[in-house]
Amino acid sequence: MASLLQPNARNLEPNQNSETLSSTALEVEIINNPMQSNRGGNVVVRSMGDEDGVFLTWEDLWVTVNGKKGSKSILEGVTGRLGSNTRQLGKILINGHKQKLAFGTSAYLTQDDTLMTTLTVREAVYYSAQLQLPDSMSMSEKKERAEMTIKEMGLQDAMNTRIGGWGVKGISGGQKRRVSICIEILTRPKLLFLDEPTSGLDSAASYYVMSRIAKLDQWDGIRRTVVASIHQPSSEVFQLFHNLCLLSSGRTVYFGPASEATEDLEKGSDGGIPTEEAIESLRKSYKSSETYQQVQRQVAKICKQDCGTLEMKRSHAGFVTQCLVLTKRSFVNMFRDLGYYWLRLAIYVALAIGLATVFYDVGYSYGSIQARGSLIMFIFERERLNGHYGTGAFVIGNTFSALPFLLVISLIPGAIAYYPPGLQRDAEHFLYFAAVLFACMMLVESLMMTVASMVPNFLMGIITGAGIQALMVLVGGFFRYPNDLPNPFWRYPLYYIAFHKYAYQGLFKNEFEGLTFPRDNAGGPINLRGEEILRDTWQVEMSYSKWVDLAILLGMVALYRLLFLVIIKTIENVKPIVASFMSARSKQTAQVMVNPFSTPMHGGAIQQS
């Protein structure tokens, strides 16, 4: 098993200390001042003697992070998971070869557990197994793999317990971390990267988690290369490690057997000297040690021998399977989470009862024209403003799983608010009314997903989305009639691209067409036709039917969701290009600043990240 460097060094601030412990399972890193220049030596880590293990080496590796306050040179991130603002110089070799880490052959566990709190342990792992494992495996085989993995991590007693979260009782923090590990090892990866797997856990939970990781090969017989970072391990946890890598300011202070670390470090340290001098003394001591020479020989040997390349990308579940699984998982989550749609439904029902009593039996007098318009607009605005503002990580699954809930919210509160005031009572008119509400709620969610894909955080997404919708409300045709809107910007193009226009006009047509109202003045026809009201009072476009308005709304739903996917894909493709361009511009300058009198790499390859 092998070790690597901590993958989240971009979060470190100047003068911030961090430790990372590495063995054939793990590694330890110490960074005192990331602002200092740093240079990585040759390092090799390998599996515990098994022919199927993986050798992981890096040679003279440099990583520079470009931040707001300039560049920081930090040796880290050789897993290939560097951020868009980093660049990498040096060699990273797997089994002596330069190659990419493909899906299924490697896995990465983040520091934070991102789990659905409403699912049980069994459900969380099983749904993930259905997504990650190929369609060539039967459902029973995937279920067996999931349950076996749960047992490997000692979670069999918590299989049917919900994960839980804020305000909801569930499993412990250590158990959550083990669930996350279960999900990552379902594909039986040869390389496993763990970012602070004991973060936030007490010493007992930390030991249990790490001991399970150390014994994974006893369960499935796979000798994997496990790369992990860990802060301030207890003595019991430290004793689980075989190899140890210590870094200071990105430079190697020690790399070798963990059991020999104390002896080696004591030789290079003198008491009573400043910290920086002590670190420099330790670094020089390691450079002159037999352990360092042995590492150099191992690197050279691995690069010469043919250890074989890591297997190519493994297949995962097909697109249709993924859509079905994500839809089912999202539906279960929405159904169990009271705050997702059920609270929304309760609020809508309460508002609908209030509307039904305030506008009860408005009748067909001339004064009812304004009352009907006000009622319709209030109902529409209520549905619009209370849309679910999800980022839509899984667009298709969330779309289909949300449909039944949005239908219920459209029909039940819609019926309560629609019938008591005396709006047109036949089924066709009510179903059209509910269909427009449904389309508008889908549109709000789609719009917010699109906005969320372009802003850095959730709060900014809400603010930006609310601002965009406020502009659309102003030009929708109710607060300011269409003919009164200024032509530049407000009428062309905003009025025509705001979905409120088509919702307003569709709902007005649905209610007023076919009705007659008495005039409030003498002279002329006694009755006022609904079509005249639509044309002259509300300034509705009468050249097409209400069904065209509904079709446009549904088309906008599809357009916004497609736009969301396009934006996500574009960002994914453009970020590496921009980062590579920026890195190329600053590469030579950065190298000269670090060491103007020596070549920053000896025989290493250059990789842009």
Side-chain angles (χ1 to χ4, degrees), residues 3-23 26-43 58 60-78 86 89-90 196 198-199 229-235 237-238 241 243-296 590-600:
S3 57
L4 200 45
L5 300 183
Q6 184 174 343
N8 65 338
R10 62 179 178 274
N11 296 326
L12 294 176
E13 298 294 335
N15 301 318
Q16 177 179 357
N17 295 329
S18 78
E19 296 181 338
T20 314
L21 193 151
S22 116
S23 69
L26 311 150
E27 161 186 282
V28 172
E29 174 184 35
I30 299 177
I31 296 178
N32 292 325
N33 191 346
M35 289 297 292
Q36 299 178 9
S37 64
N38 54 77
R39 177 172 182 146
N42 299 342
V43 182
W58 59 90
D60 199 24
L61 181 66
W62 295 48
V63 173
T64 300
V65 178
N66 298 319
K68 295 181 180 179
K69 298 181 180 179
S71 298
K72 297 180 183 180
S73 295
I74 300 174
L75 181 61
E76 58 94 341
V78 293
T86 63
L89 305 174
E196 301 184 26
T198 62
S199 177
S229 61
I230 185 171
H231 283 186
Q232 299 177 338
S234 64
S235 57
V237 171
F238 185 81
F241 307 143
N243 291 330
L244 172 68
C245 179
L246 295 173
L247 301 176
S248 177
S249 301
R251 291 176 292 182
T252 305
V253 174
Y254 176 81
F255 186 88
S259 58
E260 300 176 11
T262 304
E263 178 183 352
D264 235 56
L265 294 176
E266 285 178 351
K267 292 179 181 178
S269 64
D270 297 318
I273 62 175
T275 302
E276 292 185 2
E277 293 183 20
I279 291 173
E280 183 63 21
S281 175
L282 291 171
R283 190 182 69 83
K284 290 181 178 179
S285 175
Y286 170 70
K287 282 281 188 178
S288 61
S289 68
E290 174 60 26
T291 303
Y292 174 77
Q293 300 300 324
Q294 183 179 1
V295 169
Q296 304 301 309
Q591 292 178 1
V592 172
M593 288 175 61
V594 171
N595 191 342
F597 302 106
S598 65
T599 304

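Of the inter-residue distances, the one linking Thr252 atom OG1 with Lys287 atom NZ reads 7.0 Å to the nearest 0.5 angstrom. Taking OH of Tyr292 as the reference point, atom NZ of Lys284 lies at 14.5 Å (rounded to 0.5 Å). Rounding to the nearest 0.5 Å gives a distance of 13.5 Å between CD of Glu276 and OG of Ser281.
Residues that satisfy the side-chain contact (heavy atoms from CB on, under 4.5 Å) test with Ser199, not counting sequence neighbours, are Gln111, Arg177, Glu196. When the side-chain contact (heavy atoms from CB on, under 4.5 Å) test is applied to Ser259, the partners found at least two apart in sequence or on another chain are Pro257.
Across Phe255 and Thr291, no two heavy atoms sit closer than the pair O-CG2, 3.0 Å.
Ser289 contributes a side-chain N or O that, together with a main-chain N or O of Tyr286, makes up a donor-acceptor pair within less than 3.5 Å.
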